[in-house]
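Worth saying up front: this structure is predicted, and the values here are computed from it rather than measured. Each chain gets a letter, A, B and so on, in the order its sequence line appears, and its residues count up from 1.
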There are 2 protein chains.
Amino acid sequence: MTTMKQIAQAAGVSVSSVSLVLNGHDAGRIKPAVAERIRQTARQMGYQPNALARSLRTNKTRMIGFISVQVATTPYAGGMIQGAQDALSELGYMLLTVSGDDATAIESEIRALKRYGVDGFLYSAMSNRVVDIPDSLAEFPLVLVDATDETNRFPSVEPDELRIGYDATTRLVEAGCERIAYIGCTEPMIAQTGRLSGYRQALEDAGRTPNERLICDVLNNGPALQAVEHLFDAEQPDGFFCFNDARAWYVYESAARRGLTIGHDLSVVGVDNHRVFAETLDPELTTIELPHYEMGYWAANKLVSQIEKRPINEDAWPHTTAMMPPLNTPSPVRIHCTLIEKGSVATRRASHSK
Amino acid sequence: MTTMKQIAQAAGVSVSSVSLVLNGHDAGRIKPAVAERIRQTARQMGYQPNALARSLRTNKTRMIGFISVQVATTPYAGGMIQGAQDALSELGYMLLTVSGDDATAIESEIRALKRYGVDGFLYSAMSNRVVDIPDSLAEFPLVLVDATDETNRFPSVEPDELRIGYDATTRLVEAGCERIAYIGCTEPMIAQTGRLSGYRQALEDAGRTPNERLICDVLNNGPALQAVEHLFDAEQPDGFFCFNDARAWYVYESAARRGLTIGHDLSVVGVDNHRVFAETLDPELTTIELPHYEMGYWAANKLVSQIEKRPINEDAWPHTTAMMPPLNTPSPVRIHCTLIEKGSVATRRASHSK
DNA sequence: GTGAAAGCGCTAACAT
DNA sequence: ATGTTAGCGCTTTCAC
């Protein structure tokens, strides 16, 4: 690794001149000819600044800590990390990822990140839920990703869960479904409550009365399939809104066992947590993809703009097919996510007695 | 952040004494009483060493760069990163994750990692394939994760693909399947070739002749389903070994459309790339889980032992249900992975005309 | 315009 | 047994 000192020697100038030039602080301070010579030699010698030395001096590391709280060991954060990374890479920052299962583990990871002097933190749980931010983070720049702060002290980027539920259900209504079931999850989290509310509200706005027997909250396990099968037989739904892809699969399997085809005999709209649908499931299944990547991307942009005390760059959104957020307002702010849909919903009334 | 200087003042000693004590280099150099006083004040003042300053001095950062090459933007590396992170956290290291789609992007990320002074690199593609390691990494400690080095210069940790294919196929043979199909992928990669070889070898060892018409290599897209459906009708297989869960889903769907049930009418063994099976698919489907977490964990241990020029700690394997590797041999080394299986395979002869 | 010098927080060789 | 000193590579103030 060549240093500024070496460049200074090679160019016959002092280190301070080199520093000034290489950092672009040479306007009217260093003679243009000399500046150019310095830049030349730096390039020739393949100079790369030592980020650590710089950080030690400036007290800024351009490193961001990404904390993800796993409930078990399932790594859900993939897309979000990816998005955060891409954004930070564009902004000249580095991402340090860290994770832990319980508060103690997280605390210890936070200490480690602090030793390395990160400029700020991104914080995510798995699935949008209310999280309790450790006090040890309180005085740092911090943005939550797909999570909600209990105390409302910090900005967050999350999907509009209510709207997810509302849009999905409306879609099923418009497709002509009359008995629309909700297959949700039993854990009390933002995503569950929000989507369920959206489901109810959409039905009411369509002039219907939500039928509690069509609401089926299940865990991620074996008995869930039986519960869904029971719902199938007892209530004969012709449309399903599924909390996530695991739930959608229960519907898929139950339908298959009854000789029914999704998109033909019945309609399903599911939320895709794992990005599996796109690769595997039937195109007739309508899915709402959680924009994990975009959440990470935006959260990172938000965090850095906060760190650098400048307004967020609204042009810096990623060029995905996903969506454009209606950009808003002072923090704490939740970015409302318009969501993409894939595939189509059966538009005629479904029948179980086909 | 309190510094050594502050501690020195508070304890009435010099910084060097503080440094010596806090780094455990005070054996017979600092009076035990003084040492204790120093440790006390350090604790009281909540001292956390400044990792950057230390690194600047020692030329070691205890940071590792994790490079993952995505082919598109699918974040496959989740489990591996998780494993690497956990291992490194135990070893007192920090992980810097980075990714890119093409060689240029990767090169630029590598430069960034070097600026931050990482001590070594982990390198992964998505799925076990032959990768071309950039020269810019050649002089650094480097371990490949779920990838194979073309030039054989670097150690790697990968699953034993041949054995995966062999074991899966053997399982189907033992379950009484007579017409065992292989649903693979068209890309030429280690995983594909290895598993296919294993499939062939298992059939031969069972005294059978592989039937080329039962081998179906498809892409991850729509036409794949048709190809599988065609295979279903033309060859009437009673057992399937699937390259990954996307392929398994094609089989699943084709079977459902024909009113056949996996585990009852036919047998399937699939390799689980996304950790989806375990959560969603039928327990009658036998899956071989790729030990992504373990690969990351082991690779990180291997890398650090290399960096610290000490033998790898063989007790440091993660306590998962997965497997114990027969620990071996000088680098470059491939860790042979014994794999877990989940669920059961139909043990009686399957029939399409049920 | 340019260079000398101080210092960020830490380690380690060298004095005492 | 403890303190003094000299940097690691860089930024930045202050002289010239």
Side-chain angles (χ1 to χ4, degrees), chain A residues 1-39 41-42 45-63 92 94 111-112 114-119, chain B residues 1-39 41-42 45-63 92 94 111-112 114-119:
Chain A
M1 290 272 94
T2 70
T3 70
M4 283 193 172
K5 198 173 173 182
Q6 296 172 3
I7 295 174
Q9 279 164 347
V13 293
S14 75
V15 254
S16 25
S17 302
V18 176
S19 173
L20 251 25
V21 170
L22 262 33
N23 289 305
H25 296 315
D26 60 318
R29 328 226 303 92
I30 305 286
K31 223 182 300 184
V34 181
E36 189 47 42
R37 196 172 72 237
I38 291 175
R39 272 186 285 267
T41 35
M45 303 177 69
Y47 174 72
Q48 292 285 107
N50 180 323
L52 267 52
R54 171 180 291 170
S55 297
L56 188 58
R57 197 61 248 256
T58 60
N59 222 12
K60 283 155 171 344
T61 57
R62 302 186 80 86
M63 300 195 296
M94 197 69 244
R111 271 199 305 280
K114 283 188 178 174
R115 282 199 296 272
Y116 282 92
V118 294
D119 293 337
Chain B
M1 289 273 91
T2 70
T3 70
M4 282 193 173
K5 200 174 174 181
Q6 296 172 3
I7 294 175
Q9 279 165 348
V13 294
S14 77
V15 254
S16 29
S17 302
V18 176
S19 173
L20 249 26
V21 169
L22 261 35
N23 289 305
H25 297 316
D26 60 318
R29 332 227 301 87
I30 306 286
K31 222 183 300 182
V34 182
E36 190 45 43
R37 195 171 73 236
I38 292 175
R39 272 187 285 267
T41 36
M45 304 178 69
Y47 174 71
Q48 291 285 107
N50 180 323
L52 268 52
R54 170 181 292 170
S55 296
L56 187 58
R57 195 61 248 256
T58 59
N59 223 10
K60 280 152 174 345
T61 57
R62 300 186 81 83
M63 299 194 296
M94 198 67 246
R111 272 200 305 280
K114 283 189 179 175
R115 283 198 297 272
Y116 281 92
V118 294
D119 293 336

Worksheet item: B/Y47 side chain N/O closer than 4.0 Å to the phosphate oxygens (OP1, OP2) of C/dG9?
Response: no
Worksheet entry | Nearest to side-chain heavy atoms of B/R54, which nucleotide of C/dA12, C/dC10, D/dC8 | C/dC10
Discussion item. Using a 4.0 Å heavy-atom cut-off, does A/N23 contact any base of the nucleic acid, only the sugar-phosphate backbone, or nothing at all?
Written reply: sugar-phosphate
Discussion item. Whole angstroms only, please: what is the CD-C1' distance between B/Q6 and C/dC10?
Written reply: 14 Å
Discussion item. Counting only side-chain nitrogens and oxygens, does B/S14 get under 4.0 Å of the OP1 or OP2 atom of D/dT2?
Written reply: no
Item to complete: Would you indicate, yes or no, if D/dA1 has its OP1 or OP2 atom less than 4.0 angstrom from a side-chain nitrogen or oxygen of B/R29?
Response: no
Worksheet item: Hey, which of these two, B/N59 or B/K31, hits DNA chain D nearer its 5' end, going by closest nucleotide?
Response: B/K31
Item to complete: Provide, to the nearest angstrom, the distance between the CD1 atom belonging to A/I7 and the P atom belonging to D/dG9.
Response: 12 Å
Worksheet entry | Atom pair distance, as rounded to whole Å: CG in B/L52 and C1' in C/dC8 | 10 Å
Item to complete: Whole angstrom is fine here: how far is it from NE2 in B/H25 over to P in D/dA1?
Response: 18 Å
Worksheet item: Quick one: is A/S19 getting a side-chain N or O under 4.0 Å of the D/dT11 phosphate, OP1 or OP2?
Response: yes
Discussion item. Within this structure, what is the CE-CE distance for the pair B/M63 and A/M63, rounded to the nearest 0.5 Å?
Written reply: 5.5 Å
Worksheet entry | Protein-nucleotide distance (A/L20, atom CG; D/dT13, atom P), rounded to Å | 10 Å
Item to complete: Mark yes or no for whether B/Y47, through its side chain, and B/T41, through its backbone, hold a donor-acceptor pair below 3.5 Å.
Response: no
Practice prompt. Inspect the surroundings of CG in B/N23 and state if more than 12 heavy atoms from other residues, nucleotides or ligands are less than 6.0 Å away.
Written response: yes
Worksheet item: Separation of B/N50 atom CG from C/dG7 atom C1', in whole Å?
Response: 14 Å
Item to complete: Whole angstrom is fine here: how far is it from CD1 in A/I38 over to C1' in D/dT11?
Response: 15 Å
Worksheet entry | Closest-nucleotide ordering on DNA chain D, the 5'-leading residue of B/G12 and B/R57 | B/G12
Worksheet item: What is the distance from NZ of A/K5 to P of C/dA4, rounded to the nearest Å?
Response: 12 Å
Discussion item. Checking contacts here: which listed nucleotide (D/dT11, C/dC10, D/dG9) is nearest the side-chain heavy atoms of A/M4?
Written reply: D/dT11
Discussion item. Has B/S19 got a side-chain atom pairing as donor or acceptor with B/V15's backbone, closer than 3.5 angstrom?
Written reply: no
Worksheet item: For A/T3, which contact category applies under a 4.0 Å heavy-atom criterion: base, sugar-phosphate, or nothing?
Response: sugar-phosphate
Worksheet item: Do A/S16 and C/dA4 have a side chain to base donor-acceptor pair shorter than 3.5 Å?
Response: yes
Worksheet item: Do B/I7 and B/L22 pass the side chain to side chain contact (heavy atoms under 4.5 Å, CB included) test, and can you show the C-alpha distance, the side-chain angles, and the key distance before you say yes or no?
Response: CA-CA 11 Å; B/I7 294 175; B/L22 261 35; 4.3 Å; yes
